[in-house]
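Note that the structure is a prediction, hence the values are computed from the model and not measured. Proteins get letters first, then strands, A, B, ... in listed order; numbering begins at 1 in each.
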Number of protein chains: 2
Amino acid sequence: MTAISQFSGRNIGLPPPILLALLYGLLALSGMALLKLPFAATINLTWMDALFTSVSAITVTGLVVVDTGSDLSFFGQAVVLALIQLGGLGLMTFATLVLSSLGLPIGFEHRVFLKEDLGQTSLSELLSLVKIVLRVVLLCEAMGVALLCFVTVPEFGWGMGLWQALFHSISAFNNAGFALFPDSLTRWATNPVINLSIPALYIIGGLGFGVLWDVSRHRRWNPLTLHSKLMLVGTVGLLLWAFILFAVLEWNNPGTLGALDSTADKLWVSWFQASTPRTAGFNTTDISQLHDPTVLLFISLMLIGGGSTSTAGGIKVTTFIVLLLATYAFFRRRPRMRAFGRSLGFEEALKVMALLTIAGMVILTGMFLTTISHDGDFLNLAFETVSAFGTVGLSRGTTGELDTLGRLTIIAIMFLGRVGPLTLGFFLATTTPTRIKYPETKIYLG
Amino acid sequence: MTAISQFSGRNIGLPPPILLALLYGLLALSGMALLKLPFAATINLTWMDALFTSVSAITVTGLVVVDTGSDLSFFGQAVVLALIQLGGLGLMTFATLVLSSLGLPIGFEHRVFLKEDLGQTSLSELLSLVKIVLRVVLLCEAMGVALLCFVTVPEFGWGMGLWQALFHSISAFNNAGFALFPDSLTRWATNPVINLSIPALYIIGGLGFGVLWDVSRHRRWNPLTLHSKLMLVGTVGLLLWAFILFAVLEWNNPGTLGALDSTADKLWVSWFQASTPRTAGFNTTDISQLHDPTVLLFISLMLIGGGSTSTAGGIKVTTFIVLLLATYAFFRRRPRMRAFGRSLGFEEALKVMALLTIAGMVILTGMFLTTISHDGDFLNLAFETVSAFGTVGLSRGTTGELDTLGRLTIIAIMFLGRVGPLTLGFFLATTTPTRIKYPETKIYLG
Ligand SMILES: [K+]
Ligand SMILES: [K+]
């Protein structure tokens with residue numbers, strides 16, 4: 001309670017997790033109001049449609065109940081884009097702020113002095129951090145726009161082409177998954193420029209600010225932090241795993257890869273679809289046509305998500321790696337988790353268990369409520385629920401069919417999936433030292 | 001490696017996990033051979049049917065591809081019963097042996113001296129332990145037979161009635177879930193004697209040998225071990241939770257509770273069905289008629305399972321409680337897990353994470369393979385997979401429809417679900433002390 005009560009006077013004024021939840025809630029409601037304006041849409045948006053779209057944008061999820069490209073006007077699309085940018089930026093800033101206060105080396109000790117006690121962070125320090133993050137974000141997005149223009153300008157002319165490039169670049173870097181076409185990016189399924197630039201944007205955006213800063217400063221492997229090393233190895237590993245498995249499972253599926261003629265085209269789509277379930281949420285093939293085993297692969301990838309201090313969601317790659325390290329340590333019969341010459345301690349273990357428990361409960365409750373509200377195929381409902389939790393945005397089409405209870409459930413899960421892990425990060429950042437020491441004991445497990 | 005290489009000479013001779021897996025494998029194959037004998041069945045059993053039945057019995061799962069009561073002869077049923085008894089007894093003995101070598105107070109320090117190093121346990125010590133366990137098991141089962149006779153003898157006469165009572169008592173205490181009727185115990189759905197004695201048997205059998213011994217010795221709350229306290233509180237909590245939720249969800253379902261007239265009958269069935277998914281696997285209503293949300297409830301209960309050193313499966317109640325304690329500690333911002341004035345340490349955390357990771361991988365792989373092999377409703381396939389992993393035996397009817405790959409997958413999962421957690425228990429029982437100490441570091445999570 002000490003840390004929380006210190007939030008007063010010239011400091012931020014509220015405990016960060018509550019501040020963050022309030023901020024996201026307020027932005028979501030403002031977005032809803034703006035989208036309800038008569039000139040925001042070309043169709044008659046209900047309040048529920050507007051709320052759903054706004055929450056989906058601010059949480060950078062990308063699940064939709066209206067078609068962003070045709071049902072929203074240019075103004076409506078601009079509102080969505082602004083919400084995406086604010087949502088993504090807020091994420092990166094807040095996560096960096098919270099996690100750097102854990103005393104983690106994020107690489108700019110000399111530029112912003114982030115105090116150990118989060119409650120002591122002043123508004124000016126926060127703004128300095130936002131500026132640094134903003135510079136990184138805008139640089140990446142600008143490069144994305146430049147690359148995407150090579151495709152969009154020839155196809156749509158300068159005006160519309162630039163807008164397309166801007167929208168998809170921002171949506172990609174922020175792992176938002178919103179696209180201006182009803183079938184996402186399927187029209188460019190085999191375009192090499194799209195297949196390289198869009199994934200580059202969302203993979204970089206999904207690595208996390210800490211990793212980007214660390215890599216840009218050192219440019220060599222050895223001096224990188226353990227976090228950066230684990231994130232880079234984990235990301236490459238997951239990309240390879242998903243790429244191979246997707247290609248093998250879908251190669252002859254007439255609804256997806258089987259419809260493509262050349263091996264190169266099949267490999268492009270496999271690459272794109274293998275990289276997108278970990279939070280990006282774009283698609284270049286019909287997700288509702290995937291075989292059931294592929295759907296399971298996607299669910300597991302959506303659950304893992306991307307990196308901390310990034311625009312990605314899920315339980316995070318590092319959480320997944322800690323689980324693997326714990327399993328390895330267990331089988332080697334060593335009471336230590338190790339990687340790259342460092343060991344991980346009890347607090348990490350505690351946090352992983354808490355994260356998993358909460359993720360499990362949120363997802364189970366979500367599936368529970370959606371199965372009550374909607375009598376559809378369970379695999380599809382499970383897919384949409386995990387997609388909302390990981391703020392991925394891939395859909396097998398069920399989201400559009402949900403009734404009010406179902407939509408409210410998905411809205412709540414998107415919100416929890418976004419704000420939840422950051423809030424959890426705060427709790428360990430302000431650990432209360434234990435005064436009473438209980439005798440340690442053992443219990444039977446397994 | 002030291003612990004393993006010490007298994008030689010006058011000791012058991014093989015590392016316990018391999019010994020256990022070999023033993024169960026050998027028993028399963030012997031069971032298959034016996035069931036293939038012409039007089040074991042009234043129908044023509046295939047090798048696959050015989051193997052499936054044998055593995056289901058030795059792992060005390062209860063998933064069936066033939067009807068135990070009508071497709072098997074008296075001899076066949078006796079083989080199944082013997083496999084169940086050996087499987088359950090082996091479980092309790094081995095688990096107690098492994099876990100007591102962790103230095104846990106299991107309550108008979110003066111009777112059998114179980115050495116810290118499992119490799120030093122001699123065959124005579126093992127036999128002493130088996131004798132103690134056997135005495136407890138036979139006592140419980142005999143009381144079960146006596147109670148069940150009040151129902152079965154008036155209905156079937158002395159000969160058949162005694163056999164029915166014996167079969168169902170042994171099947172219940174060992175959490176095997178095999179019944180002599182194709183609809184399990186539905187014929188006695190509203191019989192108070194059945195509704196009290198059968199659940200009493202499987203709940204007591206599912207608490208674990210350590211808890212039974214602890215409780216019978218102290219008969220008061222305070223001197224009980226932390227493990228016993230957590231098991232008792234956890235079991236009562238889970239029973240209440242499942243009872244209320246089942247009744248609420250199914251009250252008006254015409255396929256289940258809705259078909260019953262009186263409130264008392266509905267409550268009896270709710271009680272039975274709420275207690276059975278945590279490994280027992282009997283049913284008194286049609287599982288395939290459950291609403292989807294109830295199926296999710298069942299899946300979560302089947303995953304949690306019963307107690308360590310018991311005849312139950314799953315990740316175990318204590319593992320689930322550690323997850324809740326970790327989450328609670330996290331939100332209280334305390335770097336300690338506590339319960340009843342004791343704290344739990346890093347090894348418990350490590351083991352929970354390893355158990356969850358392995359359980360997740362086994363179940364995911366199982367769902368993956370069954371969805372490849374069978375094009376049915378995913379929720380049903382997920383149900384059968386988790387039922388096999390938790391060695392529960394409840395079925396929504398899909399197991400009978402599976403092809404060879406599907407059946408082999410279920411066989412493998414039953415085997416892993418049974419032998420796996422015990423094997424894992426062994427690994428921490430023989431932790432190698434770390435020689436090199438790596439510097440501890442932090443990474444971003446969540
Ligand atoms: K997304
Ligand atoms: K069972």
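Side-chain contact between A:D377 and B:L379 is absent, with no heavy atoms from C-beta onward closer than 4.5 Å. In this structure, B:L249 and A:F368 have side chains that are in contact, with non-hydrogen atoms separated by less than 4.5 Å. Residues B:L324 and A:M361 have side chains in contact (heavy-atom distance under 4.5 Å, counting atoms from C-beta outward).
Contact record, B:T327 with A:M353: OG1-O, 4.3 Å, taken as the closest heavy-atom pair. Residues B:G376 and A:D292 come closest through the heavy atom pair O-OD2, 4.4 Å.
Rounding to the nearest 0.5 Å places CG of A:L356 at 7.5 Å from OG1 of B:T357.
Comparing A:G305, A:A382, A:S228, A:A326 by how many heavy-atom pairs each has under 4.5 Å with chain B, the most go to A:A326. For the set A:L381, A:L323, A:V317, A:L325, the count of heavy-atom pairs under 4.5 angstrom toward chain B peaks at A:L323.
Proximity to chain B (any heavy atom under 4.5 Å) is shown, for A:L369, by neither the backbone nor the side chain. Using a 4.5 Å cut-off between heavy atoms, B:M231 does not touch chain A at all. Residue contact with chain A, scored on non-hydrogen atoms closer than 4.5 Å, is absent for B:I299.
Residues satisfying the side-chain contact (heavy atoms from CB on, under 4.5 Å) criterion with B:L301, sequence neighbours excluded, are B:L238, B:A242, B:P277, B:R278, B:L297. Every residue meeting the ring-ring contact (aromatic ring centres under 6.0 Å, His included) condition with B:F298, not counting sequence neighbours, appears here in chain and number order: B:F246.
Annotation: A:W251, atom CH2; neighbour count of heavy atoms from other residues, nucleotides and ligands within 6.0 Å is above 12.
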